[in-house]
Chemist: 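I have a structure I would like to understand better, so I am pasting it below and will then ask my questions one at a time.
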There are 2 protein chains.
Amino acid sequence: MGESMAGLKRTHYCNQVKENLIGSEVVVMGWAQKRRNLGSLIFIDLRDRSGLLQVVFDENDVDGEGFKKAETLRSEFVIAVRGAVRQRESVNPNMETGYVEVLAKELRILSEAETPPFAIEENSAVKEDLRLKYRYLDLRRPDLQRNIMLRHRVTQSVRRFLDGEGFLEIETPMLAKSTPEGARDYLVPSRVHQGSFYALPQSPQTFKQLLMVSGFDRYFQIVRCFRDEDLRADRQPEFTQIDMELSFVQVNDVIDVNERLLQRVFKEAINIDIPLPIPRLTYQEAMDRFGSDKPDIRFGLELVNISDIAKDSGFKVFTDAIENGGSVRGINAKGCGNFPRKQIDSLVEVGKTYGAKGIAWIAVNEDGTLKSSFTKFLSEETVQAILKAMDAENGDLLLFCADKNSVVYDALGNLRLEVAKRLGLTKKDEYSFVWVTEFPLLEWDEEEQRFVAKHHPFTSPMDEDIELLDTDPGKVRAKAYDICLNGVEIGGGSIRIYQRDIQEKMFAALGFSKEAAYENFGFLMNAFKYGVPPHGGLAYGLDRMVMLMAQEDSIRDVIAFPKVKDASCPMTEAPGTVTEKQLEELGLKIDIKK
Amino acid sequence: MGESMAGLKRTHYCNQVKENLIGSEVVVMGWAQKRRNLGSLIFIDLRDRSGLLQVVFDENDVDGEGFKKAETLRSEFVIAVRGAVRQRESVNPNMETGYVEVLAKELRILSEAETPPFAIEENSAVKEDLRLKYRYLDLRRPDLQRNIMLRHRVTQSVRRFLDGEGFLEIETPMLAKSTPEGARDYLVPSRVHQGSFYALPQSPQTFKQLLMVSGFDRYFQIVRCFRDEDLRADRQPEFTQIDMELSFVQVNDVIDVNERLLQRVFKEAINIDIPLPIPRLTYQEAMDRFGSDKPDIRFGLELVNISDIAKDSGFKVFTDAIENGGSVRGINAKGCGNFPRKQIDSLVEVGKTYGAKGIAWIAVNEDGTLKSSFTKFLSEETVQAILKAMDAENGDLLLFCADKNSVVYDALGNLRLEVAKRLGLTKKDEYSFVWVTEFPLLEWDEEEQRFVAKHHPFTSPMDEDIELLDTDPGKVRAKAYDICLNGVEIGGGSIRIYQRDIQEKMFAALGFSKEAAYENFGFLMNAFKYGVPPHGGLAYGLDRMVMLMAQEDSIRDVIAFPKVKDASCPMTEAPGTVTEKQLEELGLKIDIKK
């Protein structure tokens, strides 16, 4: 049974009770973190979202039944305390309020508590299943409280900045229409139009383009998006985007405003200075140097193309790869030359995970001698040329991959990350941004045997590549850009097509007939008849961005109520069953095929 | 086809081009509003979201083909113009930029335009169907542009204020669980768990209460909510709430912070001063004086209870009503005594629409004589007593209803609004707020033959009425409050139950077994085991609030992409059909019963 708080009004949060209040009466409210009895005194650490404060009950000072009630207090009881602030006898310098305590005059037990299923403390090693089932208790832990507060600071900061830059926050529908291209939609059956369905938006892409057609000039929204895909560690069925679109802009305009946005937000939210301009790599440079279109540039270990040396090496693994249109490239794992054989083998295995048939390696011993998996097949001259090209020094480990380019990039790009991790080069408190630009417009889909859009069908080709759309679509570069932070793509966007003829060309390259294009994107295509400004935009994954800022490994740790891998919620047990009546109203029947 | 803007960068919005720029070169971009040819000159009103600017093309000044291109310009072409600002010969003082014009040096036609299906101008009388089908053009109209910008200012202002007050914006799930009580849910079928469904939230009620259990202390969110109900003029299937919840508070704390919020937002967004404190009425006062729980207090015309006089009048219509537990009340339509009989009859009809069997009336002529539908049945004394009680003066019209109270309130409350409208007392630029408090906790549902929650099942009863929960539940008043503006409920909330035993009593009063309560609200009931702070909150209907601020009659005019009555979108044609494959993946079959 909880007591009423009638007649009491909180005067301070816990961490506001400091030495300047000594002698004053305060009313504080919160959760009893723990109780200690010391002779005739009872000590409570009172917790609210601001922090901890020591409250002491002295039988001689507490009114009425207060002391008796204090004796019943257990962890997580919710209490209100009125009392006087006084200097603490034994100060606790590790506690923000460690120099004072509140001597209780009045105690009310507002809510009792059963023993929680796990302790409410930082970095608790509790299994995530249990934590998510009792998410309301998990969220009491100081690390999650900090993360959620950080997320709040980030979104407020984003809004203040964009508002100041003339962006309008405009809401777009959640009950939208299912479109082809892109991921799987979540559907919402219509009751009024039985047999018809809304789709929850994967992004407000078409709506924000229509807002540009409407002349709003600069739009943004912090908006929930939905994708019914199988979940991975950094995916949720619903996720949040910082979405924006600007009219009368080119690539540099979008990049400029976003660099200043990032600088402002990282400063305001976590006090990190981002030097501007943020470095830029073209997609091709990123692949060639880092084997990835989301390069982690906190460290070097860059890829080196040794195809020129390898092509005359006579080593069939190398020469075959090159003759088949591939390449031979390597990375120099600086200082890893003394890795035991077992570690080297495990690196080779990492390479294989990413599709490499093998990883050739040379370890340069401290005395300059070599151990290697393949130099015995090469001339001394070739070996020396490779060492030179790789900038090898004593104590280095060289790792090579020979294959078609996509495999070489993938294997070495990931090996590079693995080596960096082992060397401790991926520091979470270091923030390295990089833009990747000039992405391919299209990529070949083996399964569908047609080109698909690498970003989306509205992405503009680069002016100088437009001609190629008809002749060699795979070569066309796009006015597309991603912003990467520490090897994670946190945002991406593009300048859009605003000319109807180019949009039609694009749909043709994607294998859509003109009719199919209109059927699927009709209202956008129609809108383009009535005067469209050049426009472009960008969208950030807010969850990922905050995850990196909070230095967490999972986006679940920066979302108040996340879902787990099978898209369910252990706390609410959503999704759940519904009644026959509900289904009947929707004109639906459950029909599960084995 | 559209030219590129490469090499050009916009320097100013249209309305930034003022006299201080005379002699400077500017680059402006936007839509050609209209073209006029005057001798060898071509004039264009260029429009962007900031306003209009005159651009003039002189054959002798424009580079290259510029003049020829200018001759092809038609309404809604999108153009970029580089040119010099100069004083205008014939100034237009009605135009913000009416003292200057831009003499074009360079013209690029970025996008051509077909003739739009309706003119892009203020207050166009175009049918709403057509407007909504071409919403992207409709949104170009200055009034809608203003509304959407106002909505942006409102939400930014709300956020700044609440951030400053220590509220944390925390996102809650959209893919939630269907619960009983309340309106019909929109369902989202699960693919992973075939046969199970998520529900789109009708409000984040349970999640925000859990956030209080988690200790976040002050939460807010500007959040999309969903209700699958048949649409009325001021309803949308998806709508936006400003939602908040606070811990360790009582009614006055919630009211205090919200009064300051409203004051700040109305000042910042539309420069209206709201005097504080906002007046408060209990539910009973509101019904007795205004016949409504959302009283419009911009004007008087209050209800007067004349039951004491009527009960001895001998007039059966009156005495029967009172004997059956009802009452006789009236309103004085000041100055309407000279309404022609037809108008009075139409007022009687209005009363009948709201359930009255009849409306008795007395018109006091300018010379003090009476016309009346019923005074012939009364003694002169009684008539005089009624005139006195109603504060009747020459030229007044008195309207009476005798029935059970609910009918009397409803009929007279609505008659009051109708009279005020006819008298022009409902001025849109006058903003009168009022709190309505102490709502009944429960109301009797005739159909289900049980009590249902008037707000929701988590609303706290008033301390002094808790005993009545067991004995006379219909009499229990709640710690619930609505905020009304000009007769529209723009927000409402309550202090919540935080004691498990009272929550169980409440469910019992609603006719839930303990098991059923746990089955339906299990995770909230469980959360209440682990220490719950007293808490309460409020939610505003953002759409309605902005509608009143924009002085519009429909929330559709303050929503970028609204839906129409049947919950469809004329622009995107959502909802739409989906493929067999999509249904199969969800384990569903369409099964429409005639």
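Chain naming here is simple, since letters A, B, ... match the order of the sequence lines and numbering starts at 1 in each. Just the heavy atoms: all of them, side chains too, but no hydrogens, waters or symmetry mates, feed the values below.
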Chemist: Specify the closest pair of heavy atoms between S178(A) and V578(B), including all atoms of both residues, with the distance to one decimal.
Modeler: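 Result for this residue pair: CB-CG1, 4.5 Å.
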Chemist: Any idea which of I222(B), L175(B), N252(B) has the most non-hydrogen atom pairs under 4.5 angstrom with chain A?
Modeler: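 When all of I222(B), L175(B), N252(B) are compared, L175(B) has the most.
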Chemist: Would you mind checking which part of L8(B) comes under 4.5 Å of any heavy atom in chain A, side chain (CB onward), backbone (N, CA, C, O), both or neither?
Modeler: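 Backbone of L8(B) only, per the 4.5 Å heavy-atom cut-off to chain A.
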Chemist: Please tabulate, for the side chains in residues 568-576 of chain B, all donor-acceptor contacts under 3.5 angstrom to protein atoms that are two or more places apart in sequence or on a different chain.
Modeler:
residue: S568(B); atom: OG; partner: D566(B); partner atom: OD1; Å: 2.7
residue: T572(B); atom: OG1; partner: A574(B); partner atom: N; Å: 3.2

Chemist: Between L200(B) and M174(A), does a side-chain contact (heavy atoms from CB on, under 4.5 Å) hold up when you go through it step by step?
Modeler: CA-CA 10 Å; L200(B) 299 177; M174(A) 291 282 146; over 6 Å; no
Chemist: On a heavy-atom basis, which atom in V78(B) and which in P533(A) lie closest, and how many Å separate them?
Modeler: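 Heavy atoms of V78(B) and P533(A) come nearest at CG1-CA, 3.9 Å.
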Chemist: What is the ring orientation for F207(B) with F561(A), classed by angle as parallel under 30°, tilted 30 to 60°, or perpendicular over 60°?
Modeler: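 Tilted.
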Chemist: Are any side-chain N or O atoms of S214(B) and backbone N or O atoms of Y136(A), one a donor and one an acceptor, separated by less than 3.5 Å?
Modeler: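 A pair under 3.5 Å: yes.
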Chemist: Which one wins on heavy-atom pair count under 4.5 Å against chain B: I79(A), L211(A), T155(A)?
Modeler: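 The answer is L211(A).
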Chemist: CH2 of W31(A) to OH of Y530(B): how many Å apart, nearest 0.5 Å?
Modeler: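 Between atom CH2 of W31(A) and atom OH of Y530(B) there are 15.5 Å.
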Chemist: Going by the side-chain hydrogen bond (donor to acceptor under 3.5 Å, both in side chains) test, name the single residue among R159(A), H152(A), R151(A) that passes it with E169(B).
Modeler: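 Result: among R159(A), H152(A), R151(A), R159(A) is the only option passing the side-chain hydrogen bond (donor to acceptor under 3.5 Å, both in side chains) with E169(B).
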Chemist: Assess whether side-chain contact (heavy atoms from CB on, under 4.5 Å) is satisfied between L168(B) and M149(A), documenting all intermediate values.
Modeler: CA-CA 7 Å; L168(B) 299 170; M149(A) 289 183 201; 3.8 Å; yes
Chemist: Going from CG on D253(B) to CE on M5(A), what distance comes out if it is rounded to the nearest 0.5 angstrom?
Modeler: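 It comes to 6.0 Å.
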Chemist: Quick check on V188(A) against chain B: is it the side chain, the backbone, both or neither that has a heavy atom closer than 4.5 Å?
Modeler: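 Answer is both: backbone and side chain atoms of V188(A) are under 4.5 Å from chain B.
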Chemist: Counting only heavy atoms closer than 4.5 Å, note whether Q209(A) contacts chain B via side chain, backbone, both or neither.
Modeler: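 For Q209(A), no heavy atom lies under 4.5 Å from chain B.
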Chemist: For A527(B), which atoms come within 4.5 Å of any heavy atom of chain A: side chain, backbone, both, or neither?
Modeler: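 Contact with chain A: backbone and side chain both.
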Chemist: My understanding is that only residues two or more places apart in sequence, or in another chain, count here; which of them pass side-chain hydrogen bond (donor to acceptor under 3.5 Å, both in side chains) with K593(B)?
Modeler: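 side-chain hydrogen bond (donor to acceptor under 3.5 Å, both in side chains) check on K593(B) returns D591(B).
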Chemist: What residue in R135(B), Q145(B), K133(B), Q582(B) has the most heavy-atom pairs under 4.5 Å with chain A?
Modeler: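 Among the listed options, the one with the most contacts to chain A is Q145(B).
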Chemist: Quick check for you: among V532(A), D185(A), T172(A), which has the greatest number of heavy-atom pairs under 4.5 Å with chain B?
Modeler: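 Most heavy-atom pairs within the cutoff with chain B belong to V532(A).
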Chemist: So what's closer than 4.5 Å to chain A heavy atoms on L524(B): side chain, backbone, both or neither?
Modeler: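 Looking at L524(B), nothing touches chain A.
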Chemist: Can D230(A) and R191(B) be counted as an ion pair, charged N to O under 4.0 angstrom?
Modeler: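 Salt bridge: yes.
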Chemist: Would you find a donor on one side and an acceptor on the other, under 3.5 Å apart, between the side chain of R160(B) and the backbone of Q156(A)?
Modeler: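 Answer holds: no.
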Chemist: For the interface with chain A, which of D217(B), I559(B), I148(B) has the highest count of heavy-atom pairs at distances below 4.5 Å?
Modeler: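 The option with the most such pairs is D217(B).
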Chemist: Heavy atoms only, distances under 4.5 angstrom: which of L586(B), L144(B), L139(B) has the most pairs with chain A? Name it, please.
Modeler: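 Of the candidates given, the most pairs with chain A belong to L139(B).
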Chemist: Determine yes or no for a side-chain-to-main-chain donor-acceptor pair under 3.5 angstrom, with R10(A) supplying the side chain and V249(B) the backbone.
Modeler: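 Checked: no pair found.
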Chemist: Heavy-atom pairs under 4.5 Å with chain B - which of F216(A), F528(A), F226(A) has more of them than the others?
Modeler: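 The candidate making the most pairs under 4.5 Å is F216(A).
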Chemist: Side chain from CB out, backbone as N, CA, C, O: work out which of these in F248(A) comes under 4.5 Å of a heavy atom of chain B, or both, or neither.
Modeler: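 Both backbone and side chain.
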Chemist: Can you tell which part of R184(B) gets under 4.5 Å to a heavy atom of chain A, answering side chain, backbone, both or neither?
Modeler: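 R184(B) touches chain A through side-chain heavy atoms alone.
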Chemist: So which of S190(A), P562(A), S50(A), P189(A) has the biggest tally of heavy-atom pairs under 4.5 Å with chain B?
Modeler: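 Top count of heavy-atom pairs under 4.5 Å with chain B: P189(A).
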Chemist: Less than 4.5 Å to any heavy atom of chain B: does that hold for the side chain of S4(A), its backbone, both, or neither?
Modeler: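 Both backbone and side chain of S4(A) come within 4.5 Å of chain B.
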Chemist: Do you know which of L210(B), D463(B), T115(B) has the most heavy-atom pairs under 4.5 Å to chain A?
Modeler: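 Between L210(B), D463(B), T115(B), the count favours L210(B).
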Chemist: What verdict does the side-chain contact (heavy atoms from CB on, under 4.5 Å) test give for D228(A) and E585(B), after you've listed the backbone C-alpha separation in whole Å, the side-chain angles of each residue and the deciding distance to 0.1 Å?
Modeler: CA-CA 11 Å; D228(A) 187 8; E585(B) 285 183 325; over 6 Å; no
Chemist: For T206(B), is it the side chain, the backbone, both, or neither that has a heavy atom closer than 4.5 Å to a heavy atom of chain A?
Modeler: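 Neither part, no heavy atoms under 4.5 Å.
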Chemist: Heavy atoms, side chains only, cut-off 4.5 Å: are V213(B) and R140(A) in contact?
Modeler: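 V213(B) vs R140(A): side chains touch.
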Chemist: Walk me through it: do K563(A) and Y198(B) pass the test side-chain contact (heavy atoms from CB on, under 4.5 Å)?
Modeler: CA-CA 12 Å; K563(A) 299 216 166 39; Y198(B) 304 94; 3.9 Å; yes
Chemist: Could you tell me whether the side chain of Q250(A) and the main chain of K9(B) form a donor-acceptor pair under 3.5 Å?
Modeler: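 No: the side chain of Q250(A) does not pair with the backbone of K9(B).
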Chemist: Is it the backbone or the side chain of F220(B) that comes under 4.5 Å from a heavy atom of chain A, or both, or neither?
Modeler: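 Side chain only.
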Chemist: What residue in F77(B), Y134(B), Y13(B) has the most heavy-atom pairs under 4.5 Å with chain A?
Modeler: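 Heavy-atom pair counts peak at Y13(B).
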Chemist: Chain B: which of L137(A), I170(A), D48(A), I120(A) shares the most heavy-atom pairs with it under 4.5 Å?
Modeler: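 Of the candidates given, the most pairs with chain B belong to L137(A).
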Chemist: With respect to chain B, which residue among L187(A), T579(A), N526(A), T577(A) yields the maximal number of heavy-atom pairs within a distance under 4.5 Å?
Modeler: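 Between L187(A), T579(A), N526(A), T577(A), the count favours L187(A).
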Chemist: Is the number of heavy atoms from other residues, nucleotides or ligands within 6.0 Å of NZ (K177(B)) greater than 12?
Modeler: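 More than 12 within 6.0 Å, yes.
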Chemist: Using non-hydrogen atoms only, which part of L542(A) is less than 4.5 Å away from chain B: side chain, backbone, both, or neither?
Modeler: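 When you check distances to chain B, only side chain atoms of L542(A) fall under 4.5 Å.
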Chemist: For the pair R49(A) (side chain) and G215(B) (backbone), establish whether a donor and an acceptor sit closer than 3.5 Å, ignoring hydrogens and angles.
Modeler: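 No.
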Chemist: Side chain, backbone, both or neither: which part of A6(A) has a heavy atom under 4.5 Å from chain B?
Modeler: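 Answer is both: backbone and side chain atoms of A6(A) are under 4.5 Å from chain B.
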